[in-house]
2 protein chains.
Amino acid sequence: MLRLSKKSDYGLMAVNHLARHYGEGSFSARDIAAGYGIPVGLMAKVLQRLVRCGLLRSQHGSNGGYTLARPPEFISALDVIHAIDGPVMITACQTVRGECVQTPMCTVKEPLRKVNERIVNALSALSIAEINA
Amino acid sequence: MLRLSKKSDYGLMAVNHLARHYGEGSFSARDIAAGYGIPVGLMAKVLQRLVRCGLLRSQHGSNGGYTLARPPEFISALDVIHAIDGPVMITACQTVRGECVQTPMCTVKEPLRKVNERIVNALSALSIAEINA
DNA sequence: TCGATATCGGACTGAAGGAGTCTGATATAT
DNA sequence: ATATATCAGACTCCTTCAGTCCGATATCGA
């Protein structure tokens with residue numbers, strides 16, 4: 001249905017939160033989740049994925065938590081979404097290389113690929129810093 | 001996951017097919033489905049929705065079928081997707097009026113609304129005639 | 001050293017939505 | 001009449017999403 005997953009939503013909120021407090025130390029999943037009414041466990045999962053993709057740094061132990069791996073200007077909405085949901089692709093039928101699995105007679109593949117490209121561009125042009133402003 | 005439903009895909013293919021043969025009479029669900037390896041029953045369902053939203057005209061009985069309700073230049077990809085999947089909205093949390101149901105502290109609502117707007121624009125700027133060219 | 005507090009990883013469950021089928025009704029041309 | 005269409009809705013899988021839970025590991029402070 002051309003919809004973002006809730007996890008991506010949560011991810012954007014979390015990264016946004018960290019951006020807003022950039023340079024003020026680290027925040028735990030609990031810290032972040034509390035402010036937005038997001039289940040802690042789920043928030044933790046989302047944050048873990050962001051760490052694995054190099055967007056966040058994590059610190060174990062007490063007084064631990066998460067911080068941005070780089071300044072908010074250099075993290076895009078696409079980065080976050082891609083880290084959580086994988087590649088942004090509006091059609092299920094085509095692979096990363098643009099091949100159509102379903103049917104070679106698909107006449108709308110190419111136009112949709114262009115639309116997809118525009119969406120990706122729009123998302124990658126939107127930095128977290130920009131969201132925060 | 002920011003993905004179009006298969007029904008929308010099928011709808012685009014169908015409308016595209018009808019556009020390619022615009023002025024050559026009507027085509028049944030069976031006619032259209034056959035060429036693309038789409039299940040007939042499902043194709044029929046999709047076509048019905050397009051009729052209900054005024055994009056296609058239908059003709060009962062033998063030698064019946066579907067035709068475009070207006071020239072391909074005046075049907076956009078968004079028209080088709082909207083007819084099948086409903087309003088294009090990348091976030092589940094906001095209603096048509098842009099209100100956030102989940103939490104009033106959502107900090108990413110407004111930026112995502114703008115991204116959504118761009119997507120809608122891209123889709124509504126893409127006419128079926130353009131796809132076909 | 002012990003314990004509290006974190007992240008981390010995977011498995012798991014329930015609910016929701018998508019894909020596709022089926023049945024029956026209505027309309028129309030031959 | 002009959003064959004061929006659309007039409008409408010209910011229905012069944014099956015996948016995916018949302019969220020939970022448990023055990024393991026790492027770190028800080030007392």
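Chain letters run A, B, ... following the sequence lines, proteins first, then strands; residues in each count from 1.
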Taking [atom1] from [X] and [atom2] from [N], how many angstroms apart are they, rounded to a whole number?
{"X": "A:Leu42", "N": "C:dC8", "atom1": "CG", "atom2": "C1'", "result": "15 Å"}
{"X": "A:Asp31", "N": "C:dT7", "atom1": "CG", "atom2": "P", "result": "8 Å"}
{"X": "A:Met43", "N": "C:dA6", "atom1": "CE", "atom2": "P", "result": "15 Å"}
{"X": "A:His60", "N": "C:dT7", "atom1": "NE2", "atom2": "P", "result": "8 Å"}
{"X": "A:Leu47", "N": "C:dT5", "atom1": "CG", "atom2": "P", "result": "19 Å"}
{"X": "B:Lys45", "N": "D:dT6", "atom1": "NZ", "atom2": "P", "result": "13 Å"}
{"X": "B:Met1", "N": "D:dC17", "atom1": "CE", "atom2": "P", "result": "5 Å"}
{"X": "B:Tyr66", "N": "C:dA27", "atom1": "OH", "atom2": "C1'", "result": "13 Å"}

Sugar-phosphate, base or nothing in reach of B:Ala44, heavy atoms under 4.0 Å: nothing
Whichever of B:Val40 and B:Asp85 has its nearest DNA chain C nucleotide further upstream toward 5': B:Asp85
Closest-nucleotide ordering on DNA chain C, the 5'-leading residue of B:Lys7 and A:Val51: A:Val51
Residue pairs, two or more places apart or on separate chains, that pass salt bridge (charged side-chain N to carboxylate O under 4.0 Å, His left out) and touch residues 60-70 of chain B: B:Arg70-B:Asp79
Can any side-chain N or O of [X] pair as donor or acceptor with the backbone N or O of [Y] at less than 3.5 Å?
{"X": "B:Arg57", "Y": "B:Thr67", "value": "no"}
{"X": "B:Asp31", "Y": "B:Ser28", "value": "yes"}
{"X": "A:Asp9", "Y": "B:Thr91", "value": "no"}

side-chain N/O A:Tyr10 vs D:dA18 OP1/OP2, d < 4.0 Å: no
Contact under 4.0 Å: B:Arg3 side-chain N or O vs C:dG18 OP1/OP2: no
Heavy atoms from C-beta onward define the side chain here; which of [options] lies closest to that of [X]?
{"X": "A:Ala29", "options": "D:dA8, C:dT7, C:dA19", "result": "C:dT7"}
{"X": "B:Gln59", "options": "C:dA19, D:dA5, C:dT28", "result": "C:dT28"}
{"X": "A:Ser62", "options": "C:dT7, C:dT21, C:dT5", "result": "C:dT5"}

5'-most by nearest nucleotide on DNA chain D - A:Ser8 or B:Gly65: B:Gly65
Ring geometry between A:His17 and A:Tyr36 (parallel below 30°, tilted from 30 to 60°, perpendicular above 60°): perpendicular
